[in-house]
Structure formats: C-alpha cells, structure tokens
Protein chains: 2
Amino acid sequence: MTVTSSLTKITRQTAEPLRDQILQRCRLMLMGGHVVPGQKLPLRPLAEEFNTSLMPVRDALNRLVADGALELSSSRTIRVPKMSEERLFELHEIRRSLEGLAAEYATPLLSNAAIDRLVQLIDEMAKALKAEDYDRYIQSHYSFHFTIYAAAGRPTLMGIIDMLWLQVGPWFRQGIERANAMSGNPNATHEKVVAALRARDPVATRTSIEQDVFAGLECLRKGSWQ
Amino acid sequence: MTVTSSLTKITRQTAEPLRDQILQRCRLMLMGGHVVPGQKLPLRPLAEEFNTSLMPVRDALNRLVADGALELSSSRTIRVPKMSEERLFELHEIRRSLEGLAAEYATPLLSNAAIDRLVQLIDEMAKALKAEDYDRYIQSHYSFHFTIYAAAGRPTLMGIIDMLWLQVGPWFRQGIERANAMSGNPNATHEKVVAALRARDPVATRTSIEQDVFAGLECLRKGSWQ
DNA sequence: ATATTAAAATTGTGATAACAAAATCACCAT
DNA sequence: ATGGTGATTTTGTTATCACAATTTTAATAT
C-alpha cells in the first residue's frame with residue numbers, strides 16, 4: 001500500500017531543488033483533494049515513492065506545515081489536518097476579507113483580454129461539472145480566481161490567499177461533488193464577478209467575490225468534514 | 001565576527017526540538033529588530049553559534065523563509081529581506097484588513113481585566129519610550145496588540161497576523177526610534193483603541209486599530225528602509 | 001474472547017559527510 | 001591603482017546513519 005496514489009518518481013533536474021519539485025507535487029495533491037483528511041504522511045514511504053532521500057521530503061512537508069496545510073500531530077507525525085466547523089468558518093472569514101481586497105485592487109488593472117479569459121474559464125468550469133471531471137473543474141476554478149488576484153499586483157497578499165486555498169483544498173472537492181449532485185449552480189457568483197469587472201466597479205467586484213467565498217463556505221459546511 | 005550578536009548556546013531539552021528553540025530565538029531577533037536588512041544568515045556559522053548541527057538551523061530558517069520573514073536570494077543564501085516602499089505598503093494594507101477584523105471580533109470577548117492590562121501596557125510603552133528602552137517598548141507593544149487579537153479566538157487569523165509582524169519587525173525598531181526622536185506620540189491611537197473596547201463598540205475598535213496600523217506605516221515610510 | 005505486556009517495527013530528529021555551485025581571495029598583467 | 005583570472009573557501013542541498021520515542025504487532029494470561 002502506498003501513501004498516495006500513483007506518484008511518478010522525482011528526477012533530479014539541474015537548478016531546481018528536489019524539495020521544490022516535491023513541494024509542487026504535494027501542493028497539487030492537496031489542492032486537488034487527492035488526499036484524505038487525517039491521513040498520515042510519513043517521510044520514509046513518501047521518500048521511497050518519490051525515489052529520493054528523506055531530506056527533500058522533510059523540507060517540503062515542513063514547508064506545508066508552516067503554511068498550515070499539514071499539521072504535526074502530538075507525536076510529531078505529519079498529517080492532513082481534520083476540519084472543524086470553527087476552522088472552516090475562520091478560513092472563509094479571512095478569505096472573504098483578503099480575496100475581497102485583492103479583487104478590489106485588481107478591478108482597474110485587469111486587462112480586457114484577461115476578462116475574456118475569465119469568461120472562457122466559467123464555460124470550462126460548467127463543462128467540467130457536466131462531465132463530472134472534478135480535477136479540471138478545480139483547475140479552472142483556481143485559474144479563475146487567481147487570474148484576478150494576480151492582476152492586483154500584491155505578491156504577499158496573493159501568497160497568503162494561496163496558503164488559505166491550500167488549507168481548504170482537501171475539502172473543496174467533496175463540497176463541489178456534492179453541490180453538483182444537488183444541481184446547484186456554483187457559477188452564478190462568478191458571472192456577477194465578471195459583470196462587476198466589466199463595469200470596472202471595484203466595490204461591486206469586492207462584494208461579488210465576498211459572496212462567492214461565502215457561497216463556497218455554504219457548499220462545504222453542509223457536508224461531513226470530520 | 002559572528003552572524004548575530006550575543007547568542008547563547010542552545011541546549012538539548014527533552015521534548016522540545018532544537019529546531020523550535022532556534023526558531024524562537026530567530027523570531028525574537030527579527031521582531032526586536034536585532035538584525036540588519038540584507039544581512040546574510042549562513043547555516044554553518046549560525047549552527048556553530050548555537051552549538052548544533054546544520055539541520056535544526058536549516059529547518060528553523062526554512063520555516064522563516066516560508067513565512068516571508070527571511071528570503072532566499074538568487075544563489076540560495078538566506079538573507080534578511082530588504083524593504084521596498086511597495087512591500088511596506090502592501091504589508092500594512094493586509095495588516096489593516098486582518099487586524100481590524102481580529103479587533104472587531106475581540107471587542108465583545110475581551111475581559112475587563114484584559115482591558116485593564118492594556119492600559120498598563122500603554123503606560124509601560126510610554127515609560128519605555130522615555131527611557132529609550134526600545135526592546136521593552138517593542139515587547140509591550142506586541143503584548144498590547146496580541147492581547148486583543150488573542151481574545152478574538154481565531155487561531156489561524158492570529159497566526160497570519162503574527163507572520164506579518166515578523167516581516168515588518170526588522171524595520172519597526174528604527175521607525176520607533178525615529179518617531180521618538182521627533183517626539184511624536186505613538187500612543188494616541190492606542191488610547192482610542194482602549195476607549196472603543198471599553199465602550200464595547202466593535203466598529204470603533206476596528207476603525208481605531210486600522211488607524212493605528214496606518215500611523216505605524218507613516219512612522220516607517222518616512223525613513224530609509226533600503 | 002479480552003486485556004496485558006513485551007518485542008519488533010516505524011517514526012521524526014539530528015549529526016555527519018559528500019557534492020556542486022557560488023562567492024571570495026590572491027595573484028598577476030596592465 | 002585597476003581589472004581580470006584561477007585557486008580556494010564557503011555556501012545550500014542531499015544522502016546516509018544513529019537515536020529515542022512512539023506505534024504496531026504478537027504472545028501470553030485471565
């Protein structure tokens with residue numbers, strides 16, 4: 001039995017440290033929901049799957065612990081955190097505040113071409129939902145939001161938002177899957193965001209992003225996140 | 001020549017990892033402004049000063065890099081970041097947003113005893129300024145703010161705020177020293193915060209904390225942060 | 001069957017060593 | 001003095017190993 005499913009080996013590329021390659025892999029696993037809350041991530045089995053020594057795995061996982069995406073249990077084993085209703089709520093409060101801020105700043109700065117791309121991404125999300133291709137949905141959804149946040153030109157702010165997404169990641173997929181089954185429309189708020197951006201109305205953009213974040217919270221809190 | 005001034009050695013305590021002890025030391029150095037922006041922090045000399053091997057130092061410093069408190073230069077040496085006016089502004093935007101949020105939530109939760117303690121801390125800050133004891137000022141100032149934020153009962157939010165303070169730390173001291181020389185009164189906003197808390201007025205608390213954050217920014221941006 | 005306990009395996013932490021890349025220094029020519 | 005050039009040192013990264021603590025497993029007694 002492997003720690004994670006289907007990991008291809010890490011190969012030594014000049015310049016890029018193994019640690020960073022492993023970190024990127026782990027980030028994708030978390031963001032994509034390919035990981036079970038509460039699951040242990042022991043260093044040695046992971047290192048064996050990646051075909052490296054302990055050290056780069058240790059570095060990558062410690063980084064994710066620092067970001068709150070993983071946690072050190074009482075006995076120091078590294079685990080995917082479980083979610084409490086309080087933590088879920090808190091994460092979305094912070095998300096609302098910071099993503100609203102980023103969206104507001106992005107409003108005058110986003111190019112028309114970028115806004116067109118947002119429309120494409122909304123379409124892609126809808127298609128992915130219909131096809132129940134949740135990996136693609138999650139990818140498009142991430143692109144939609146971070147296309148906006150990147151335009152704000154606030155690297156530290158974007159880093160923190162990214163950190164928050166990483167913490168919500170493991171629960172996002174199941175929330176989307178359930179919402180899709182219940183035939184809700186997770187794209188309604190996205191269209192409001194685009195409309196506000198088109199109108200170049202910073203406050204409206206902020207408000208619609210805030211609504212989107214809280215719609216996402218509702219989506220998640222209806223399920224079992226234990 | 002040593003990397004940092006006057007570091008006592010780290011001794012192996014059962015239970016607490018060396019990494020965490022070193023991390024705590026480095027955090028105090030950064031928060032206290034006992035570190036020069038742009039300064040290199042090479043692993044081996046630091047490990048020698050702490051009397052440990054590379055590994056726990058490496059872990060602690062990598063953690064601080066993850067938090068944005070230190071940076072990896074192009075050639076991978078770890079350094080105390082320099083500050084640009086943009087980054088300073090961005091950090092304070094985020095601080096305003098999140099510390100305002102935390103203060104608002106703390107308003108109904110802070111005990112009367114805690115509010116009394118805040119008044120004591122304001123007094124302590126004033127005395128420390130008069131005595132030009134900036135270490136004590138920084139300590140009291142930190143306690144003042146985080147007594148409030150801790151009461152909000154939002155651990156993730158507090159962690160992010162703490163991370164932001166760590167990033168501003170190296171410039172905070174010189175800002176305070178200069179403001180003190182110019183005989184400004186950095187405590188005026190603190191008294192407004194206490195008044196708002198006494199009145200149990202969440203919006204007023206938020207507003208006064210936001211004002212305090214931006215007063216702090218003004219304090220810093222007047223100087224040379226390069 | 002169930003609880004207890006001891007042995008075995010597994011875990012993260014930390015030390016040491018090897019390595020390549022980068023930075024530094026010394027030396028020399030101009 | 002100044003600029004270049006090669007040798008030396010210093011750097012972070014990674015591998016390997018030792019260790020104590022925890023977890024798991026297995027055996028035993030009730």
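Proteins come first, then strands; the chains are lettered A, B, ... in the order of their sequence lines, and each starts at number 1.
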Rounded to the Å, how far apart are A:Leu54 CG and D:dA18 C1'? 13 Å
Between the protein and nucleotides 7-9 of chain D, list every N/O to N/O distance that falls short of 3.5 Å.
none

Can you measure A:Asp20 atom CG to D:dG12 atom P for me and round it to whole angstrom units? 15 Å
Measuring to OP1 and OP2 of D:dT24, would you say a side-chain N or O of A:Lys40 lies under 4.0 angstrom away? yes
Test: salt bridge (charged side-chain N to carboxylate O under 4.0 Å, His left out). Region: residues 145-155 of chain B. Which pairs qualify, not counting sequence neighbours? A:Glu93-B:Arg154
In whole Å, I'd like the distance from the CG atom of B:Asn62 to the P atom of D:dG12. 10 Å
Sequence neighbours left out, what passes side chain to side chain contact (heavy atoms under 4.5 Å, CB included) with A:Phe146? Give chain and number order. A:Tyr142, A:Tyr149, A:Met158, A:Ile161, A:Asp162, A:Trp165
Test side chain to side chain donor-acceptor pair (under 3.5 Å) applied to A:Ser140 - qualifying residues, sequence neighbours left out: A:Glu124
Quick check on C:dA21: is either OP1 or OP2 less than 4.0 Å from any side-chain nitrogen or oxygen of B:Ser75? no
Could you tell me whether B:Arg63 and B:Asp59 have a side-chain N and a carboxylate O separated by less than 4.0 Å? no
NZ/NE/NH1/NH2 to OD/OE distance under 4.0 Å, A:Asp135 and A:Arg173: yes
Protein-nucleotide distance (A:Glu48, atom CD; C:dG12, atom P), rounded to Å: 14 Å
d(B:Gln167 CD, B:Ile94 CD1) to nearest 0.5 Å is 8.0 Å
Side chains of B:Leu217 and B:Leu91, heavy atoms from C-beta outward: is any pair under 4.5 Å? no
Considering only heavy atoms from C-beta outward, does the side chain of B:Arg206 approach that of B:Ile209 to under 4.5 Å? no
Side-chain contact, heavy-atom cut-off 4.5 Å: A:Ile22 with A:Leu46? no
Answer with yes or no whether the side chains of A:Thr147 and A:Ser143 bring together a donor and an acceptor at under 3.5 Å. no
Rounding to the nearest 10°, end axes of the helix from C:dA1-D:dT30 to C:dT30-D:dA1 built from five pairs each make an angle of 0°
Whole-Å distance separating the CE atom of A:Met55 from the P atom of D:dG12: 14 Å
Rounded interatomic separation in angstrom, taking CZ from A:Arg58 and C1' from D:dT13: 13 Å
Rounded distance (Å) that lies between atom P of C:dA22 and atom CZ of B:Arg79: 15 Å
Judged by each residue's nearest nucleotide on DNA chain D, which is more toward the 5′ side, A:Ser73 or A:Pro17? A:Pro17
Considering only NZ, NE, NH1 and NH2 on the basic side and carboxylate oxygens on the acidic side, decide whether B:Arg44 and B:Glu48 come within less than 4.0 Å. no
B:Leu18 atom CG is separated from C:dA15 atom C1', nearest whole Å, by 11 Å
When you check every protein heavy atom under 4.0 Å of nucleotides 6-11 of chain C, what one-letter string (B, S, -) results, 5' to 3'? -----B
